[in-house]
Amino acid sequence: HSNTATQQHSSTAAQQHSSTASMRTFLIVLLFGMVALASQVSALDQAEIEVLTELQQQWGATLDWTGSPSCTWPGLLCNTDGHVTDLNVANLLLPGSLPENINQLSYLSFMDVSFNSLSGPLPTTLGALTNLTVLRLNVNLFSGTIPSSLAQLHLLEELPLDNNQLGGSIPSQLFSMRSLTSLTLSGNQLSGVIPATLSSSVRLGTLDLASNNLSGTLPALPATLSALSLADNHLSGRLDVLSALPSLSLLDLHGNRFGGPLPALALSSQRSLIGVDLSDNALSGSVSGWLSNATQLQLLNLSSNAITGGFPVDLSLRTVVSLDLSNNPLGGSLPSVFGSCESLTALDLSSCRLVGAFPAALVQRATALQLLDVSFNKLTGTLPSELSRLISLRRLHLNGNQLSGALPSLVDMSQLVDVNLSHNRFTGTVPHYWNSKPFLRNIDLSFNELTGSIPSSPPLSPLGVLFLQSNRLDGLLPEWVCDYQHLASYNFQDNLWQCPLPACCNHRGSALGEPCVA
């Protein structure tokens, strides 16, 4: 018993000693932390205190910046010497402007004031913050011009200035920034030409100048570019310079005035391409032989150009998710090659001067398709029963053709939202689309040769648009057309409805079908 008691006493003493040591260690760490924190606060020099005090007057209430300037303020980080290295106050709807003495935060390496409501000009003194590697000023209300002094930020890797109200021209000096990999100036009011100095950029991978007022032709481009967006400007000329970009993966030039043939792209670039949008230009020639090596392509939009020569059979479509060639004088027949495109979710070939029948092979395996638009062509014949295999389809637009026969049953298309089969030559009765499609919102069957009556029971789906005008429908127009609360737009005119019409005809006007047949 004596040995056991001795052992227990020793164990208790050891535990107490361990506990005391742990407490001592904790107090030492806490003390050092407080000393370090105190040293950080005290190390802020007078210049940093001045600019932080000025920012406090604008942002203090939002950021909870109280008392004297301190490294403990939310959004600030300091180095071990107590100087501010990070200013991160993004997405807080901050008002005010950047003070001219912002350069007094001379140790800053990271500055993010994006997604706020900051206004006024960008201080030229930003160029003195030469330790910056990241400067994010995007999505604010900054106005005036882009300071050329920003070119002095030789460590800067990314510069997003998009979605402001900046005007004037793009400073040519920006492209001398040797560390810059990403420059985003989209969504401003920039004008003039793209500087020729762009080609001298040594590391630039992403360039986004979309949605400005830029004009002129494309200068030589740096071979380092992998993503290029110049959409929605007033640029013109040919696109031959694109052939010198071996690593291009994303290309968006839509909404300009580019002309000439489709641009030849480097073979290595074709193999890395993921998305191409050249829509709304004046490009011509044939798609045949173009992008035949684009084995990673997911999005291709060439709509609203002057492309001819029919649809290319050699275009790689295995990985394509969205394809839009609408509003081009392509000509030829509707290609059945899409039937093997298992990844395709959107296909728009409207207004392409296509002729001939709707091939059954077109819809054979394209079960992921959500949008099919071949409207305003000259397609003839009947629709294949295989159309119902498109079980994921949400929008079906076949209007403005010369299709005939009975309307398709669309029996398995439970996801349908929008159906437009108008301006064709369809005959037979109106299928009960609105009682079997829970998401159906819009139906347009107008300007056909349909006969018979329409269902007497109201739609089970929240149908908002129903156009049945200019057919040969007869029978009584059901009362639900008056009472159905979701129906916002409708037209039943120019049919052979029997009298009496529903009572609401008197106050809803002729869109309900007046006159009727007695």
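This structure is a prediction, so every number in the text was calculated from the model and none was measured.
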Heavy-atom closest pair (Ala151 atom, Gln173 atom, distance to 0.1 Å) is CB-O, 3.3 Å
Check whether any side-chain N or O of Thr181 sits under 3.5 Å from a backbone N or O of Glu157 as a donor-acceptor pair, and report yes or no.
-> yes
If we only count heavy atoms from C-beta on, is the Glu158 to Thr206 side-chain gap below 4.5 Å?
-> no
Q. Does Leu161 offer a backbone N or O that forms a donor-acceptor pair with the side chain of Asn138 under 3.5 Å?
A. no
Note to self: Between Gln165 and Gln189, is there a side-chain heavy-atom distance shorter than 4.5 Å?
What the structure shows: yes
Do the side chains of Leu379 and Leu334 get nearer than 4.5 Å, heavy atoms only?
yes
Does Ser172 use its side chain to pair, donor to acceptor, with the backbone of Pro195 at less than 3.5 Å? no
Nearest heavy-atom contact between Asn256 and Leu230 is ND2-O, 2.9 Å
Next item on the list: Taking Ser191 for its side chain and Asn213 for its backbone only, find out whether a donor-acceptor pair lies under 3.5 Å.
Entry: no
Between the CD1 atom in Ile194 and the CG atom in Leu235, the distance rounded to the nearest 0.5 Å is 5.0 Å
With a 3.5 Å distance limit and no angle check, can you tell me whether Thr345 reaches the backbone of Val321 through a side-chain donor-acceptor pair? yes
Taking every heavy atom of Leu153 against every heavy atom of Met177, the minimum-distance pair comes out as O-CE, 3.7 Å
ask   = Passes side chain to side chain contact (heavy atoms under 4.5 Å, CB included), Thr295 versus Thr319? Steps please.
value = CA-CA 7 Å; Thr295 54; Thr319 57; over 6 Å; no
Review point. Under 3.5 Å, is there a donor-acceptor pair between the side chain of Asn140 and the main chain of Phe142?
Key: no
The reported gap from CZ in Phe110 to CG in Leu132 (rounded to nearest 0.5 angstrom) is 10.0 Å
Could you walk me through whether Ile170 and Leu214 satisfy the side chain to side chain contact (heavy atoms under 4.5 Å, CB included) test, starting with their C-alpha distance in whole Å, then the side-chain angles of each, then the deciding distance to 0.1 Å, before giving a yes or no? CA-CA 9 Å; Ile170 300 173; Leu214 300 173; 4.1 Å; yes
Here the gap from Leu141 atom CG to Ser119 atom OG, rounded to the nearest 0.5 Å, amounts to 6.0 Å
A side-chain contact here means heavy atoms from C-beta on lying under 4.5 Å apart; do Asn420 and Asn442 qualify?
no
Tightest non-hydrogen contact, residues Asn305 and Leu283, listed as OD1-N, 2.9 Å
- Item | pair Arg136-Pro160: side-chain heavy atoms closer than 4.5 Å | yes
Evaluate the side chain to side chain contact (heavy atoms under 4.5 Å, CB included) criterion for residues Leu150 and Leu156: first the C-alpha distance (whole Å), next the side-chain angles of each, then the deciding distance (0.1 Å), finally the verdict.
-> CA-CA 9 Å; Leu150 294 179; Leu156 200 67; over 6 Å; no
dist Leu77:CG -> Leu87:CG (nearest 0.5 Å) comes out at 10.0 Å
Compare all side-chain heavy atoms of Asp162 with those of Asp208 and state whether any distance is below 4.5 angstrom.
no
- Query: Just by modelled atom types, is the Thr224 backbone N or O under 3.5 Å from a matching donor or acceptor in the Ser247 side chain?
  - Reply: no
Contacts of Asp232 meeting side-chain hydrogen bond (donor to acceptor under 3.5 Å, both in side chains) (sequence neighbours excluded), chain-then-number -> His254
message = Does Tyr107, at its OH atom, have more than 12 non-hydrogen atoms belonging to other residues, nucleotides or ligands within less than 6.0 Å?
response = no
Of all heavy-atom pairs linking Ser414 and Pro438, the shortest is O-CD, 3.6 Å
- Counting only N and O atoms by type, is there a donor-acceptor contact under 3.5 Å from the side chain of Asp45 to the main-chain atoms of Ala47? yes
Shortest non-hydrogen pair, Glu342 vs Ala368, comes out as O-CB, 3.5 Å
Using modelled atom types and a 3.5 Å cut-off, is there a donor and acceptor pairing between side-chain atoms of Thr133 and backbone atoms of Ser109? yes
Could you check if a side-chain atom of Ser343 sits within less than 4.5 angstrom of a side-chain atom of Arg318, using non-hydrogen atoms only?
-> no
Residue set satisfying salt bridge (Lys or Arg N to Asp or Glu O under 4.0 Å) with Asp86, at least two apart, ordered chain then number -> none
Does a donor on one side chain sit under 3.5 Å from an acceptor on the other, for His423 and Asp444?
no
CG (Leu198) and CG (Leu207) are apart, to the nearest 0.5 Å, by 6.0 Å
| query | Given Val84 and Cys78, is the side chain to side chain contact (heavy atoms under 4.5 Å, CB included) satisfied, shown in steps? | reply | CA-CA 4 Å; Val84 179; Cys78 295; 4.0 Å; yes
The reported gap from CG in Asn233 to OG in Ser211 (rounded to nearest 0.5 angstrom) is 7.0 Å
Legend entry - Asn281 side chain vs Arg257 backbone, donor-acceptor pair below 3.5 Å: yes
Item checked: Val363 vs Glu386 side-chain heavy atoms within contact, under 4.5 Å -> yes
